[in-house]
Amino acid sequence: MKHLKLTALLIAFAASFSSAVPWLGLTFKKTTYENHLSLVVKGVHPNSGCFNAGIQAEDQIIGVQGAVLSEMSQIQDAVSKGKSGQSIKLDVLRDAKKITMTVKLTDRPDDISSLTGSAIGSKIAEFKANFYQNGEKRQAKPKATLLDFWATWCGPCRKTLPVLANVYSKYSAQGLEVIGISNEDVNTLNNFYNGKHKSPYPLYRDASQDLWRRYGIRAVPTLMLLDQNGYIKRVWSGAPSQALVEKLVLEVMNEAK
């Protein structure tokens, strides 16, 4: 899966993603202007305050709240300390002319993949009642959730299953949830489960492939790591080592409040 190659993050600044986080709705590339930091806009979300204010791709942000932009923390503070509906002022360079624009903060939407071209940063869609095994093991408030998009016919998927089972058994009591997601028919999935491949964690059938299409899953296995609020922190494909999975899981779990 392609990840955004731009320097820096979406401007949704907060210590971690949570509901109703204010944002500007931009992707950008860092550069300089007159020996100080500036941000060249590369994308603008259509439901963001920046879009409504008229900020365009290739505009250059050179100042915030009346001060020359010298470090990212200036914008981070202006956004993270604000609330949806409040406004901040950005100095924008367009066609060699400086424009001061008033931008209203808006709530960050759950799905931002249309802006970034990646599932990372979006909030996972709610699961339906399609758990065919171990649904009763769902956790109400996991500190981290690992999703495994897999298939019974996939060799690397079969290598991944015991890795995830080991990590789940080791960390589930500390707040880790693992969910296996397949789109195959129920009989195939249950026969696989009832054979040599019992799973200790919940298994979900994405019969309509809504999740697969929404997050651009094109290869199996593909794993997604979510934070405590359900936001996608990492996506990777291929059979991982247990050491790698544990390292990434612990990073997210240690960030949980």
Side-chain angles (χ1 to χ4, degrees), residues 3-4 6-94 98-124 141-144 175 225-234 251-257:
H3 299 311
L4 196 63
L6 304 180
T7 304
L9 303 170
L10 294 168
I11 307 183
F13 298 106
S16 62
F17 294 125
S18 61
S19 59
V21 171
W23 81 327
L24 292 177
L26 299 177
T27 55
F28 58 86
K29 183 177 181 179
K30 288 182 180 179
T31 185
T32 57
Y33 172 74
E34 295 184 346
N35 297 318
H36 64 82
L37 176 66
S38 71
L39 308 176
V40 177
V41 176
K42 292 300 180 182
V44 186
H45 195 281
N47 295 324
S48 68
C50 281
F51 183 87
N52 293 331
I55 289 182
Q56 305 169 6
E58 301 308 318
D59 282 348
Q60 203 167 345
I61 299 174
I62 59 174
V64 58
Q65 301 291 62
V68 169
L69 185 62
S70 59
E71 54 187 28
M72 287 301 302
S73 62
Q74 292 171 260
I75 296 186
Q76 293 172 348
D77 289 344
V79 175
S80 63
K81 293 178 181 178
K83 296 180 180 179
S84 180
Q86 292 181 342
S87 297
I88 66 172
K89 292 187 181 298
L90 299 178
D91 293 327
V92 174
L93 192 68
R94 179 186 299 170
K98 178 182 173 182
I99 309 169
T100 298
M101 308 184 78
T102 301
V103 177
K104 183 177 293 186
L105 299 178
T106 57
D107 287 343
R108 179 185 179 281
D110 289 345
D111 188 354
I112 58 174
S113 57
S114 61
L115 175 61
T116 65
S118 168
I120 294 175
S122 290
K123 188 172 185 178
I124 199 70
K141 294 182 179 180
K143 292 183 178 179
L225 184 58
L226 317 179
D227 68 9
Q228 63 180 336
N229 298 305
Y231 287 97
I232 301 169
K233 301 282 285 186
R234 290 182 178 270
E251 285 177 359
V252 174
M253 290 180 67
N254 289 337
E255 293 174 357
K257 296 179 180 179

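Remember, it's a predicted structure, so these values are computed and weren't measured experimentally. We use all heavy atoms of the structure for the numbers below, so side chains are in, but hydrogens, waters and symmetry mates are not.
Between I75 and L24 the shortest heavy-atom distance is CG2-CD1, 4.1 Å. Summarising the geometry of M253 relative to A144, their closest heavy-atom pair is CG-CB, 3.6 Å, with the distance given to 0.1 Å. Minimum interatomic distance between M101 and I55 (heavy atoms only, all atoms of both residues): SD-CG1, 3.6 Å. Smallest separation of non-hydrogen atoms from S87 and K104: OG-CA, 3.8 Å. A pairwise comparison of heavy atoms in K143 and V252 identifies O-CG1, 4.0 Å as the closest pair. Here the closest heavy-atom approach between residue A78 and residue L105 is recorded as O-CD1, 4.3 Å.
A heavy-atom distance below 4.5 Å is found between the side chains of L39 and M72. Between I99 and D59, the closest side-chain pair of non-hydrogen atoms is not below 4.5 Å. Put simply, the side chain of F28 does not reach to within 4.5 Å of the side chain of I61, judged on heavy atoms. Counting heavy atoms from C-beta outward, Q65 and I88 have side chains that approach closer than 4.5 Å. By the 4.5 Å heavy-atom criterion applied to side chains, Q60 and T31 are counted as neighbours. Looking at heavy atoms from C-beta onward, K123 lies in side-chain contact with Y231 at the 4.5 angstrom threshold. Here the side chains of E58 and V40 are in contact, with some heavy-atom distance below 4.5 Å.
One distance of note links CD1 of I62 with CZ of R94; it measures 12.0 Å at 0.5 Å rounding. Annotation: the span from K42 atom NZ to L26 atom CG amounts to 12.5 Å, rounded to 0.5 Å. The structure places CG of L226 at 6.0 Å from CD1 of I232, a figure rounded to the nearest 0.5 Å. Here the CD1 atom belonging to I120 is positioned 10.0 Å from the CG atom belonging to L225, to the nearest 0.5 angstrom.
Taking Q86 as the reference, nothing meets the side-chain hydrogen bond (donor to acceptor under 3.5 Å, both in side chains) condition, with sequence neighbours excluded. Every residue two or more places apart in sequence or in another chain that forms a side-chain hydrogen bond (donor to acceptor under 3.5 Å, both in side chains) with K89 is listed here: T102.
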> Can K30 and L37 be said to form a side chain to side chain contact (heavy atoms under 4.5 Å, CB included), step by step?
Replying inline: CA-CA 7 Å; K30 288 182 180 179; L37 176 66; 4.2 Å; yes
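With hydrogens and angles ignored, the 3.5 Å screen pairs no side-chain donor or acceptor of H36 with any backbone N or O of S70.
Within 6.0 Å of the CG atom in N254, the count of heavy atoms belonging to other residues, nucleotides or ligands exceeds 12.
A salt bridge does not link K233 to E251: none of the charged side-chain nitrogens sits closer than 4.0 Å to a carboxylate oxygen.
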